[in-house]
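Right, one structure below, let's go through it.
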Amino acid sequence: MLNITLPDGNKLNFKQKVTGIQIAEKISKSLLKEALVMSVNGNLKDLTYEIEKDSSVKIFTSKDNEGLETIRHDTAHILAMAVQELFPGTQVTIGPTIENGFYYDFSRKEPFTESDLIKIEKKMAEIVDRDEPTTREVWDREKAISHFKKIGEKYKSEIIKDIPKGEEVSIYFHGKWHDLCRGPHLTSTGKIGKNFKLTKVAGAYWRGNSNNEMLQRIYGTSWPSKKELDQHLKRIEEAEKRDHRKLGKEMDLFHFREESPGAVFWHEKGWNLFQKLISYMRNRQDEAGYKEINTPEILDKSLWEKSGHWEKFGVNMYTSETPDEKVFAIKPMNCPGCVQVFNQGLKSYRDLPLKMSEFGKVHRYEPSGALHGLLRVRAFTQDDAHIFCTEDQITQECVSVTNLILDIYKDLGFENIILKYSDRPDQRVGEDHIWDKAESALLEAIRSTKLEYSINKGEGAFYGPKIEYVLKDAIGRDWQCGTLQVDLNLPQRLGASYVEKDGSKKVPVMLHRALFGSLERFIGILIEHYSGKLPFWISPLQTIVIPVSNDFDGYAKEVYNKIKKTGITCEVDLKNHNLNYKIREHSLLKIPILLICGKKEVDSNTVTIRRLDSNKQENMDLDKFLEKFSALSKVPSK
RNA sequence: GCCCUUGUAGCUCAGCUGGUAGAGCAAUUGAUUUGUAAUCAAUAGGUCCGCGGUUCGAAUCCGUGCGGGGGCACCA
């Protein structure tokens, strides 16, 4: 007798060993049809796995994550199968599932092209139609290694060597084709269905190491139904529509050009947005007791040597040589400059905590392949600040930085924040009792928020632990923006000190913090979060006055002039186009408020408001509009 | 940096196997005077990314450089 316990607590009895298929069959016909894989005492197994002892079993369908992942994993196998049928001599390596899909890495001299993908997809469909049964065999390790070597699959034999000693070496067969794999898999190639699509080819290093050979990676996605596949493709399309590079061009915010890859040419409107963010931040930091400073962009190499940047990050630094052959470095970070401001003049414990903020433009020579619109650039402006404090003040300062960050994110429409905490790495500077203090200060700051947080053990900087503030955007993507780091190293290196109560000199603790991180990057995120439809107060061009016809140009100009005086950004559109045309044009450019002026408005000294994405019309006295909207256009402050 | 891919008018793109460029939108001009998402017409607009090569002839083929895109690696 064999007892199988189901997730609902019910037990099934079998006379002898039993497979998942038999269990599913006994539960219901429909489950038999939908069953994909199962777990036996918590371990995922093929449905054909024979259970010999009393066990608890759960059967998964495509509605379960386990089922969906198995579909994707099988699709990856079938991809590899199709590739080897079409392109003999191609070596297979690994093919895991990833978010929304899978990939498979191949080694082959000739590159795969986009048209190959279509061929491969067809072949995959063929394999699905062949509905070849999947079987699993356990091989002797040495046999497996020599087998894969013999058939020219050197990567597979390498993988086997790395399988931990106690583990089985399992080989999966789909018909005649076979692959080393941990499994589990579906019972036959027909089970995956045809709701898959190969999406792209890309290079990828063997084992993720840039010293290794570069393989060819084929990405794909696979779903239980056509509907879900289509929905997924639709989501990708929607995400492309909010791409800040596309919107930035359309909305005339900025552009990039060859002369300075990775550096932004800000246009009038983009710069207006940039300045609004800065002015907002100035208000908030002023209220929070920060003093704004500014330090040179170019500093003598010797400072960077002293700070340690030259040694550690020199490869990413731009340098500049003067006609008299002095070497200066263009700052990749603001901290050394800020410490020098601290160092100027004598500081007392009474001056602490001293919070110095700086909108500092930094340059980092990022690898060319890393550049990506505003999100990864070589020249950017940090909303940086350095807080010099005593050890006892760390906690209080960390809490207040965290509160400020969360508050600012909220003002900008991000309510969903995750925190990441990284503590001491093995290689570090500073005494352990200060690390203790720094770490508990950061943890206390985190706990005070009651937000979700993750701990990255040993991931802190060599000079101190850190918090990273990650926000989720409108379509659920994570963006790491703010950061708070305790620095137990730099003040000492650069000789910072303050006079203690007892007259002795002491090295202050320094906190580095950035709220948005990079203004450029944050603007990119903002654009994507809002699909370009920025909130009124931050929108670079807030209103456009549109006369219904040329007859009302005079009134429209009058309205425009009055609006301009309030500080609302405004244009008047006197072009020879009809009203519909102008509404369409400015709506596409995401102008939040259009003001229509015709006979009715002239007669009553009003304007008609048309808000973006709404065709409701709201008529308002001009004076009332000016009062109401100039208040709304002010940057928020506490 | 590495792999693949790509670079044509202000923008979006067409231009098959080599015969010195084309559309829509935008711009300009004119007509129209419009009440809530594209009025009509005419005109003008191009070192086909740079450099080199093959060829009688190159936007097209080859090499190389630079830039963009998708990944990988990187991200203090």
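The chains referred to below are lettered A, B, ... by the order of the sequence lines, with proteins before strands, and numbering in each begins at 1. The basis for the numbers below is simple: all heavy atoms, side chains too, and nothing from hydrogens, waters or symmetry mates.
- Contact annotation for A/Asn550: base contact, defined as any heavy-atom pair under 4.0 Å involving a base atom.
- The side chain of A/Glu366 lies closest to B/A76, out of B/A76, B/G68, B/U34.
- By the 30° and 60° cut-offs, the orientation of the rings of A/Trp304 relative to A/His309 is perpendicular.
- A close approach under 4.0 Å does not occur between any side-chain nitrogen or oxygen of A/Lys200 and OP1 or OP2 of B/G70.
- The nearest heavy atom of RNA chain B to A/Ala461 and to A/Asn578 marks one nucleotide each, and the one closer to the 5' end goes with A/Asn578.
- Closest to the side chain of A/His577, out of B/U36, B/G35, B/U39, is B/U39.
- Taking side-chain N and O atoms only, A/Arg610 has a distance below 4.0 Å to OP1 or OP2 of B/A37.
- Comparing the C1' positions of B/C49 and B/U60 gives an interatomic distance of 15 Å, to the nearest angstrom.
- Ring pair A/Trp271/A/Trp266 is tilted by interplanar angle, where 30° to 60° counts as tilted.
- Atom CZ of A/Phe106 is separated from atom P of B/C72 by 17 Å (rounded to the nearest Å).
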Open item on the list: Run A/Phe196 and A/Phe102 through ring pair (Phe, Tyr, Trp, His ring centres under 6.0 Å) and show every step you take.
Closed with: CA-CA 10 Å; A/Phe196 57 78; A/Phe102 61 90; 7.9 Å; no
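- Annotation: cation-pi pair A/Lys590/A/Tyr530 absent, no NZ/CZ under 6.0 Å from the ring centroid and within 45° of its normal.
- Checking A/Phe552 against A/Lys109, the closest nucleotide of RNA chain B that is more toward the 5' end is the one next to A/Lys109.
- Nucleotides B/G68 and B/U8 have their P atoms positioned 14 Å apart, rounded to a whole Å.
- The side chain to side chain contact (heavy atoms under 4.5 Å, CB included) test with A/Ile546 is passed by exactly one of A/Val548, A/Thr543, A/Ile544: A/Ile544.
- As rounded to whole Å, 16 Å separates atom P of B/C3 from atom CG of A/Asn209.
- In this structure the side chain of A/Phe516 never reaches within 4.5 angstrom of the side chain of A/Ile525, judged on heavy atoms.
- Using a 4.0 Å cut-off on heavy atoms, the residues of residues 581-590 of chain A that approach RNA chain B are A/Tyr581, A/Ile583, A/Arg584, A/Ser587, A/Leu588, listed by number.
- If you check every strand for non-hydrogen atoms under 4.0 Å, A/Tyr463 touches sugar and phosphate atoms only.
- At a threshold of 4.0 angstrom between heavy atoms, the contacts of A/Thr199 with the nucleic acid are absent.
- Here the nucleotide nearest the side chain of A/Leu579, chosen from B/C4, B/A73, B/G35, is B/G35.
- For A/Met214, counting side-chain heavy atoms from C-beta on, the closest listed nucleotide (B/C3, B/U34, B/C4) is B/C3.
- Taking the side chain of A/Asn580 as heavy atoms from C-beta on, and the options B/C75, B/A38, B/A76, the nearest nucleotide is B/A38.
- With respect to A/Cys570, the side chain to side chain contact (heavy atoms under 4.5 Å, CB included) criterion is satisfied by exactly one of A/Val545, A/Leu541, A/Val559: A/Val545.
- Rounded to an integer number of Å, the gap from CZ of A/Phe112 to C1' of B/C4 is 12 Å.
- Between A/His512 and B/A76 there is no side-chain N or O to OP1 or OP2 distance below 4.0 Å.
- Phosphate contact (OP1/OP2 of B/C72, side-chain N/O of A/Tyr219, threshold under 4.0 Å): present.
- The interatomic distance linking A/Leu484 (CG) with B/A76 (P) rounds to 15 Å, in whole Å.
- Pair assignment for B/G24 gives B/C11, based on Watson-Crick or G-U wobble hydrogen-bonding distances that are each under 3.5 Å.
- RNA chain B lies under 4.0 Å from at least one heavy atom of each of the following residues of residues 596-605 of chain A: A/Ile596, A/Gly598, A/Lys599, A/Lys600, A/Glu601.
- Among the atoms of the strands shown, none is found under 4.0 Å from any heavy atom of A/His309.
- Between A/Arg364 and A/Glu366, none of the side-chain N atoms (NZ, or NE/NH1/NH2) sits under 4.0 Å from a carboxylate O, so this pair counts as no salt bridge.
- Spacing of P atoms, B/A26 relative to B/C40, comes out at 10 Å, to the nearest Å.
- Rounded to an integer number of Å, the gap from A/Glu240 CD to B/G69 P is 13 Å.
- Among the protein residues, A/Asp613 comes within range of the nucleic acid bases, having at least one heavy atom under 4.0 Å from a base atom.
- By the 30° and 60° cut-offs, the orientation of the rings of A/His73 relative to A/His77 is perpendicular.
- A/Ser210 comes within 4.0 angstrom of the backbone, heavy atoms only, and of no base.
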Task: Worked check of ring pair (Phe, Tyr, Trp, His ring centres under 6.0 Å) between A/Tyr104 and A/Phe106 - done: CA-CA 7 Å; A/Tyr104 210 111; A/Phe106 299 97; 5.0 Å; yes
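- Within 4.0 Å (heavy atoms only), A/Pro367 reaches at least one base atom of the nucleic acid.
- Atoms CD1 (A/Ile218) and P (B/G70) sit 19 Å apart, rounded to a whole Å.
- For the C1' atoms, the distance from B/G45 to B/G24 is 15 Å, rounded to whole Å.
- Both tests hold for A/Arg217 against A/Tyr103: distance to the six-membered ring centre under 6.0 Å, angle to the ring axis within 45°.
- A/Lys575 places its NZ atom 15 Å from the C1' atom of B/U29, with the value rounded to the nearest Å.
- Residue-level contact check: A/Arg245 touches the backbone only, with heavy atoms under 4.0 Å from sugar-phosphate atoms and none from bases.
- On the C1' atoms, B/G71 is 24 Å away from B/A76, given to the nearest whole Å.
- For the pair A/Asn316 and B/A76, the criterion of a side-chain N or O lying under 4.0 Å from OP1 or OP2 is not met.
- The C1' atoms of B/G18 and B/C48 are separated by 15 Å, rounded to the nearest whole Å.
- Here the side chains of A/Tyr453 and A/Ile467 are not in contact, with every heavy-atom distance at 4.5 Å or above.
- B/C2 and B/G71 make up a base pair, with Watson-Crick or G-U wobble contacts both under 3.5 Å.
- Contacts of A/Ala202 with the nucleic acid, taken as non-hydrogen atoms under 4.0 Å apart, include base atoms.
- With hydrogens and angles disregarded, no donor-acceptor distance shorter than 3.5 Å links the side chain of A/Asp621 to the backbone of A/Thr606.
- The separation of B/U64 from B/C72, taken at their P atoms, amounts to 26 Å, rounded to a whole angstrom.
- Computed from coordinates, the A/Arg376 CZ to B/G71 P distance equals 14 Å when rounded to whole Å.
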Task: A/Phe112/A/Phe87 under ring pair (Phe, Tyr, Trp, His ring centres under 6.0 Å): CA gap, chis, key distance, verdict - done: CA-CA 10 Å; A/Phe112 291 115; A/Phe87 308 98; 5.5 Å; yes
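- Comparing B/C51 with B/A58, their P atoms are spaced 14 Å from each other, to the whole Å.
- When Watson-Crick and G-U wobble pairs are counted only if both distances are under 3.5 Å, B/U39 pairs with B/A31.
- Across all strands shown, A/Phe462 has no heavy atoms under 4.0 Å from either base or sugar-phosphate atoms.
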